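Heads up, the thing below is written out as structure tokens.
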Amino acid sequence: MKPASPFRELQKGGGRVRVTFDGRTFDLREGGNLAAELLAAGIRSFRKTPVSGAERGPFCMMGACFDCLVVIDGVTRQACMCEVSAGLVIDRPGAEGEGDA
Amino acid sequence: MLDADLIVIGAGPAGMAAARTAADAGLSVLLLDEQQRAGGQIYRDVERVPAERKKILGDDYLKGRALAEALDHPKIRHLTGAVVWQIEDGPRVAFTRDGAAGLARGKRLLIATGALERPMPVSGWTLPGVMTAGAAQILLKQSGLLCERAVLAGSGPLLYLVAAQMCRAGTPPLVLVETQTPADRRAALRHLPKALKAWRVLAKGLGLLAEIRRAGVKRYIGATGIAIHGQDKAEAISFEADGRRHQIACASVLLHHGVVPNTQATRSLSLPHVWSEAQRAFSPERDRWGRTANTDIFVAGDGGGIGGAVAAKLQGEVAALEVACDLEKISHVNRDRAAAPLRKGLAIELAARPFIDRAYPPYAKALAPADSTIICRCEEVTAGDIRRYAGLGCLGPNQTKAFGRPGMGPCQGRYCGLTVTELLAAETGRSQEDTGYYRIRPPLKPVTLGELAVLAETDLKEQEDIS
């Protein structure tokens with residue numbers, strides 16, 4: 001069920017909460033960095049670029065590159081600047097040019 | 001509207017140290033930082049790092065703990081998760097926090113927004129699975145994640161630190177693809193005598209290299225022609241070294257060829273910036289106290305020129321002393337007395353910089369990428385596009401925006417600005433200084449209409465309360 005992740009997790013434990021990303025459900029560590037937790041769950045691509053439709057994932061992890069953009073509650077946000085909380089509904093930004101926050 | 005004697009933007013080593021020094025001198029301090037916990041990138045999450053991760057990250061990282069704990073002071077108000085999007089004369093700062101915009105006014109402002117990784121545009125660097133080495137380190141510090149089957153590529157001390165940390169954790173990188181050459185090492189030797197003053201920095205570097213060697217990680221020196229391959233994600237890296245082409249299958253590629261000052265805030269204020277040939281980057285002009293051309297605004301730490309975490313801390317303290325003197329909380333005599341040992345420490349800390357900068361220069365091919373390489377990640381503009389604009393008479397970075405939108409995506413030029421400057425300078429034969437940089441305009445970070453609406457409501461309420 002879980003996609004293969006190229007990351008090793010030092011910490012296996014921690015309370016997990018259910019979120020959905022792109023319609024699929026995942027149990028992520030509560031309070032964890034959203035971009036990091038999605039990567040650990042095996043998500044490689046977070047979005048497609050509005051220009052060419054190329055796949056993109058986290059690049060800088062410090063809020064500078066905007067490659068990890070996702071949509072939460074209708075607002076485009078940097079996943080690396082968000083924390084995991086129960087019930088998050090996360091979508092990929094539209095590929096039709098609505099991706100720029 | 002929040003008021004403070006000193007507003008500090010950024011809770012890394014410079015910002016944290018400045019806040020505490022200013023508070024100790026009796027100033028009220030408002031510390032604004034984007035992250036949920038103090039530390040900046042270098043000390044990310046240092047206050048809550050689990051015990052088993054401490055050994056991997058090392059003692060230098062744990063030094064940040066004392067700085068973060070020192071923020072617990074009655075004169076310091078630390079607003080976490082505060083994203084600054086506009087800075088004006090006054091100084092006035094607009095920020096967003098918890099879905100609401102807020103305003104703050106300070107008698108003085110210290111910008112301590114640190115560094116960014118130098119953009120390293122190579123073929124395939126936009127693929128998922130390609131990250132900066134700094135990103136890999138943040139994943140380790142904050143989330144306990146290690147990249148498996150990773151290749152590190154580029155040059156510089158951070159590359160070695162990340163590699164050594166991965167080795168300690170039992171997940172060594174597959175190989176190190178290093179772009180500096182033996183000629184760079186020879187050229188750096190003349191800076192070595194001075195660098196010996198900072199022998200601890202050099203000893204640490206040698207220690208990291210020994211760890212990498214013991215772990216059996218293969219190092220390629222003088223690598224060139226770096227390209228990353230894959231359809232929808234990074235699957236391999238190829239490069240030339242030792243006289244032949246190599247291709248290595250991998251799951252992640254971690255790029256790094258130095259860090260550069262994050263000048264978004266100082267640029268947005270139209271402060272004068274100077275080009276440093278040694279660091280191949282722009283930094284805001286500042287005096288020996290960190291004061292910029294705007295006398296109310298200071299810069300401390302890597303945002304004013306790369307010096308590392310310890311230098312940043314010392315610069316933060318020096319700047320705070322000058323602010324306290326400005327606001328007549330300490331005398332000139334006491335300011336100078338307190339600053340003297342800090343300056344001595346700073347001189348030692350910066351002594352190794354010329355050696356490091358010369359020994360580990362940026363990867364030449366990433367400063368002048370192939371025509372087909374994307375240099376603006378947001379708008380997917382290539383190096384060839386920028387050269388074509390130059391051929392059509394485009395002279396400056398701002399003008400390129402009208403040609404093809406580089407620097408106009410959400411990252412606002414953070415990861416293409418320096419590349420565009422370098423490309424235009426090479427094409428036009430002018431210096432980087434004369435070529436200049438993008439004009440940076442607010443909002444520095446996206447702000448929603450809903451967040452602004454909250455600000456308007458608060459303002460109206462304040463006006464009603466006053467009347």
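Because the structure is predicted, anything quoted here is derived from the model rather than measured. Reminder, nothing fancy here: chain letters follow the sequence lines and each chain counts from 1.
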Report summary line: Closest heavy-atom pair, I138(B) versus C60(A), reported as atoms and distance to 0.1 Å, is CD1-O, 3.9 Å

Query raised in the report: Is it the side chain or the backbone of I56(B) that comes within 4.5 Å of chain A heavy atoms, both, or neither?
Result: side chain

Query raised in the report: Most heavy-atom pairs under 4.5 angstrom with chain A, which of R149(B), E52(B), R53(B), E117(B)?
Result: R53(B)

Report task. Quick one: which of C65(A), G32(A), C80(A) has the most heavy-atom pairs under 4.5 Å with chain B, could you say? Result -> C65(A)

Query - Greatest number of heavy atom pairs closer than 4.5 Å to chain A - which of V130(B), N262(B), L140(B), T448(B) - result: V130(B)

Report task. For residues P58(A) and M131(B), report the shortest heavy-atom separation together with the two atoms involved. Result -> O-CG, 3.3 Å

**Report entry** For chain A, the option from P128(B), A135(B), G450(B) that forms the most heavy-atom pairs under 4.5 Å
**Finding:** P128(B)

Report task. Would you confirm whether R56(A), through its side chain, and R377(B), through its main-chain N or O, come within 3.5 Å as a donor-acceptor pair? Result -> yes

**Report entry** Atom of G31(A), atom of R48(B) and distance for their closest heavy-atom approach
**Finding:** O-NH2, 3.9 Å

Query raised in the report: What residue in Q231(B), Q142(B), Q264(B) has the most heavy-atom pairs under 4.5 Å with chain A?
Result: Q142(B)

Query raised in the report: Sub-3.5 Å donor-acceptor pair from the side chain of E34(B) to the main-chain atoms of G63(A), do we have one?
Result: no

**Report entry** side chain to side chain contact (heavy atoms under 4.5 Å, CB included) between E9(A) and L145(B), worked out
**Finding:** CA-CA 5 Å; E9(A) 291 178 70; L145(B) 288 190; 3.4 Å; yes

**Report entry** Shortest non-hydrogen contact from A54(A) toward E380(B)
**Finding:** CB-OE1, 4.2 Å

Report summary line: Closest heavy-atom pair, C378(B) versus V51(A), reported as atoms and distance to 0.1 Å, is O-CG2, 4.0 Å

Requested in this report: Using the side chain to side chain contact (heavy atoms under 4.5 Å, CB included) rule, take T132(B) and M61(A) through it: C-alpha gap first, then chi angles, then the decisive distance, then the call.
Outcome: CA-CA 8 Å; T132(B) 65; M61(A) 284 304 294; over 6 Å; no

Query raised in the report: When rounded to the nearest 0.5 angstrom, what distance separates CG in N33(A) from CD in Q36(B)?
Result: 10.0 Å

Query - Test item: F59(A) and W125(B) side chains (from C-beta on) under 4.5 Å apart, heavy atoms - result: yes

Report task. Verify the neighbour count for atom NZ of K55(B): are there more than 12 heavy atoms of other residues, nucleotides or ligands below 6.0 Å? Result -> no

Requested in this report: Please state whether the side chain, the backbone, both or neither of L139(B) comes within less than 4.5 Å of a heavy atom of chain A.
Outcome: side chain

**Report entry** Contact origin within T126(B) toward chain A - heavy atom pairs under 4.5 Å
**Finding:** both

Query raised in the report: Taking 4.0 angstrom as the limit, do R44(A) and E235(B) come out as a salt bridge?
Result: no

Query raised in the report: How far apart are the closest heavy atoms of C411(B) and A64(A), and which atoms are they?
Result: CB-O, 3.4 Å

Query raised in the report: Out of E83(A), M62(A), Q78(A), which one racks up the most heavy-atom pairs below 4.5 Å with chain B?
Result: M62(A)

**Report entry** Proximal component of Q412(B), with respect to chain A [non-hydrogen, under 4.5 Å]
**Finding:** neither

